[in-house]
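For reference, the structure discussed in these notes is given below.
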Amino acid sequence: MELKLENKYDFRERLLKLYDEGAIVAEREKETNEISFKSGVVFENVNGKALKKATEEFKEFLKVEGEIKDCKEDAVVIKFIKDDNELGEFATFKGRAITVTDKEVIINGYDERGCAQALYDIEKELKRNKAPYLAKGERKKRPAFSPRMVHSAYGLDIFPDNYMLNLVKDGVDSIVLFCKGVNENRVGEFDFNDVIERAESFGLDTYAYCSFVNFVSPFDEDAEEKYEKVYTEFFRAHNGFKGMIFVGESVEFPSRDKNVEPVYFYDRQNAGVEDSGKPGPGWWPCEDYPRFAAMVQNAVKKANPNAFVIVCSYNWGYAPEKERIELLNALPDGVRFMST
């Protein structure tokens, strides 16, 4: 296969592309166990911004990929309901059941996002069929895990609407933004709240990836006050964040653990400090990390009681099992753990 020569950032066009024109224009007859969308679709019981956006997107999908522009009398009815008893083990975040009958599609969603994801499931099935036909019967689905989060592949913290829509159609439920302060990311001034609000309208949560400078030991006398000044004020300014993620390479603090060098890893590099052979605080499961996490969590929850802290093992997964397990066992209630 001959590779196409691309200009810089050509990949962005693919990230924003929503449809393949004529992809489900039928070249075959409808089978007896299928229903047809050739007459269009009408929706019943549409509630919530994310679901409304999904229904509008589904109509646009039929228009572009199936050349189905007008809604006729025999249009397929898609009805949204909520019945947890019928969902059983699928009565969980984004859980959904799709029941296809002779004339209608009943979507039983555990929540609004489950209902919206059911429409994206149908789109994928129609694309696999390469025709606007859907087999009768029932399908039940739920996410394998959550949150399923991504940084932007478009550009640092840049999430255009079409890109967000493609992410949620692929099952992503959360995005991550680099945060250095109120309205400040790693590049400079940044409107976090705009991204948070747009993401919510697509059914995406937003997490803050902490890039703050933690210059205070959690054992210092005024540590609590100083951590509140940083983290409480940040979450008051950006209350829509679902939580904050802590990864060692971006978040170090003056640890008193004997296994680490108290001078930050990057500070040593920049200052030309002689390497002691010990890792920096972000590269070891420090014994005072749980105290640090607890102090941050308390500060965050003063602004947003529903937000939570996620601790990631990315930089210290190599460390001895004993120290790693001790850290996990000592994490305060409510702090979540991400194993990477």
Side-chain angles (χ1 to χ4, degrees), residues 1-27 49-50 53-69 94 113 116-117 119-132 143-180 183-211 241-242 245 247 249-250 312 314 340:
M1 181 180 72
E2 184 178 352
L3 296 177
K4 177 186 175 184
L5 182 64
E6 292 192 346
N7 294 317
K8 293 179 180 179
Y9 300 106
D10 278 357
F11 69 90
R12 284 180 164 179
E13 296 179 14
R14 293 191 293 276
L15 293 177
L16 299 181
K17 185 179 180 182
L18 295 176
Y19 310 110
D20 297 312
E21 293 186 14
I24 62 167
V25 175
E27 296 182 1
K49 290 187 293 185
K53 195 178 288 287
T55 59
E56 293 170 349
E57 191 280 330
F58 189 82
K59 289 181 179 180
E60 188 67 16
F61 163 78
L62 291 179
K63 178 181 177 181
V64 177
E65 301 212 10
E67 299 178 0
I68 302 165
K69 301 177 182 179
K94 290 182 77 172
R113 295 187 184 185
Q117 203 66 47
L119 286 181
Y120 304 137
D121 294 339
I122 293 172
E123 282 190 20
K124 290 179 181 177
E125 192 165 339
L126 296 179
K127 288 175 75 72
R128 285 196 299 270
N129 294 339
K130 297 181 180 179
F145 62 91
S146 180
R148 181 183 167 196
M149 56 178 67
V150 297
H151 287 287
S152 176
Y154 192 88
L156 191 142
D157 295 337
I158 302 175
F159 287 92
D161 284 357
N162 278 16
Y163 181 37
M164 285 191 185
L165 181 53
N166 276 328
L167 288 175
V168 75
K169 286 171 71 172
D170 283 339
V172 172
D173 61 43
S174 307
I175 61 173
V176 186
L177 304 177
F178 291 103
C179 302
K180 289 193 71 174
N183 289 316
E184 181 185 4
N185 70 357
R186 287 183 171 180
V187 176
E189 187 174 336
F190 190 83
D191 190 344
F192 292 122
N193 290 337
D194 171 69
V195 180
I196 292 169
E197 290 170 11
R198 288 191 297 109
E200 183 184 9
S201 73
F202 286 99
L204 292 166
D205 292 325
T206 308
Y207 287 83
Y209 180 104
C210 185
S211 295
F241 275 118
K242 186 81 171 180
I245 303 167
V247 179
E249 67 185 52
S250 302
C312 181
Y314 178 70
T340 308

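The figures that follow rest on heavy atoms only: side chains count, while hydrogens, waters and symmetry mates do not. Each residue takes its place number in the sequence, starting with 1.
Contact record, Ala50 with Ala116: O-CB, 4.3 Å, taken as the closest heavy-atom pair. For the pair Asp194 and Asp191, the tightest heavy-atom approach, listed with the atom from each and the gap, is N-OD1, 3.1 Å. The minimum heavy-atom distance between Pro143 and Lys94, with the atom names listed, is CG-CB, 3.7 Å.
Counting non-hydrogen atoms of other residues, nucleotides and ligands closer than 6.0 Å to CD of Glu125 gives a total above 12. For Lys63, the NZ atom is loosely surrounded, since the number of other residues' heavy atoms within 6.0 Å does not exceed 12.
Within the model, atoms CD1 of Ile245 and OG of Ser211 stand 10.5 Å from one another, a figure rounded to the nearest 0.5 Å. Taken to the nearest 0.5 Å, the CG atom of Leu165 stands 9.0 Å off from the CG atom of Leu204. Interatomic distance, NZ of Lys169 versus CD of Glu123, reported as 4.0 Å (0.5 Å rounding). Taken to the nearest 0.5 Å, the NZ atom of Lys124 stands 11.5 Å off from the CZ atom of Phe61. Taken to the nearest 0.5 Å, the CZ atom of Arg186 stands 8.0 Å off from the NZ atom of Lys180. Thr206 contributes atom OG1, which lies 9.5 Å from atom CZ of Arg198 (distance to the nearest 0.5 angstrom).
Centroid-to-centroid, the aromatic rings of Tyr120 and Phe58 stay 6.0 Å apart or farther. A centroid separation of 6.0 Å or more is found between the aromatic rings of Tyr209 and Tyr207.
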Subject >> Pair Glu57-Tyr19, side chain to side chain contact (heavy atoms under 4.5 Å, CB included): steps then yes or no >> reply: CA-CA 10 Å; Glu57 191 280 330; Tyr19 310 110; 3.1 Å; yes
**OP:** Could you go through the salt bridge (charged side-chain N to carboxylate O under 4.0 Å, His left out) check for Arg14 and Glu6 one step at a time?
**Re:** CA-CA 12 Å; Arg14 293 191 293 276; Glu6 292 192 346; 2.7 Å; yes
**OP:** Take Val64 and Leu18 through the side chain to side chain contact (heavy atoms under 4.5 Å, CB included) test and state the conclusion after the steps.
**Re:** CA-CA 10 Å; Val64 177; Leu18 295 176; over 6 Å; no
**OP:** With ring pair (Phe, Tyr, Trp, His ring centres under 6.0 Å) as the test, would you mind laying out the steps for Tyr154 and Phe11 before giving the verdict?
**Re:** CA-CA 8 Å; Tyr154 192 88; Phe11 69 90; 7.2 Å; no
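Annotation: side chain of Phe241 is not in contact with side chain of Asp205 (no heavy-atom distance under 4.5 Å). Residues Val195 and Phe190 form a side-chain contact, since some pair of their non-hydrogen atoms from C-beta on lies under 4.5 Å apart. In this structure, Asp157 and Ser152 have side chains that are not in contact, with every pair of non-hydrogen atoms separated by 4.5 Å or more. Taking the side chain as every heavy atom from C-beta outward, Leu15 and Asn166 never approach each other to under 4.5 Å.
Using modelled atom types, one side-chain atom of Gln117 and one backbone atom of Val168 make a donor-acceptor pair closer than 3.5 Å. Here the side chain of Glu65 pairs a donor or acceptor atom with the backbone of Asp20 at under 3.5 angstrom. No donor-acceptor pair closer than 3.5 Å links the side chain of Asn129 to the backbone N or O of Ala131. Tyr163 places a side-chain N or O within 3.5 Å of a backbone atom of Ala153 that can act as its donor or acceptor partner. Using modelled atom types, no side-chain atom of Asn7 and backbone atom of Asp10 make a donor-acceptor pair closer than 3.5 Å.
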Donor-acceptor contacts under 3.5 Å from residues 170-179 side chains, at least two apart:
residue	atom	partner	partner atom	Å
Asp173	OD1	Arg148	N	3.0
Asp173	OD2	Ser146	OG	3.0
Asp173	OD2	Arg148	N	3.2

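With sequence neighbours left out, the salt bridge (Lys or Arg N to Asp or Glu O under 4.0 Å) criterion links Lys53 to no other residue.
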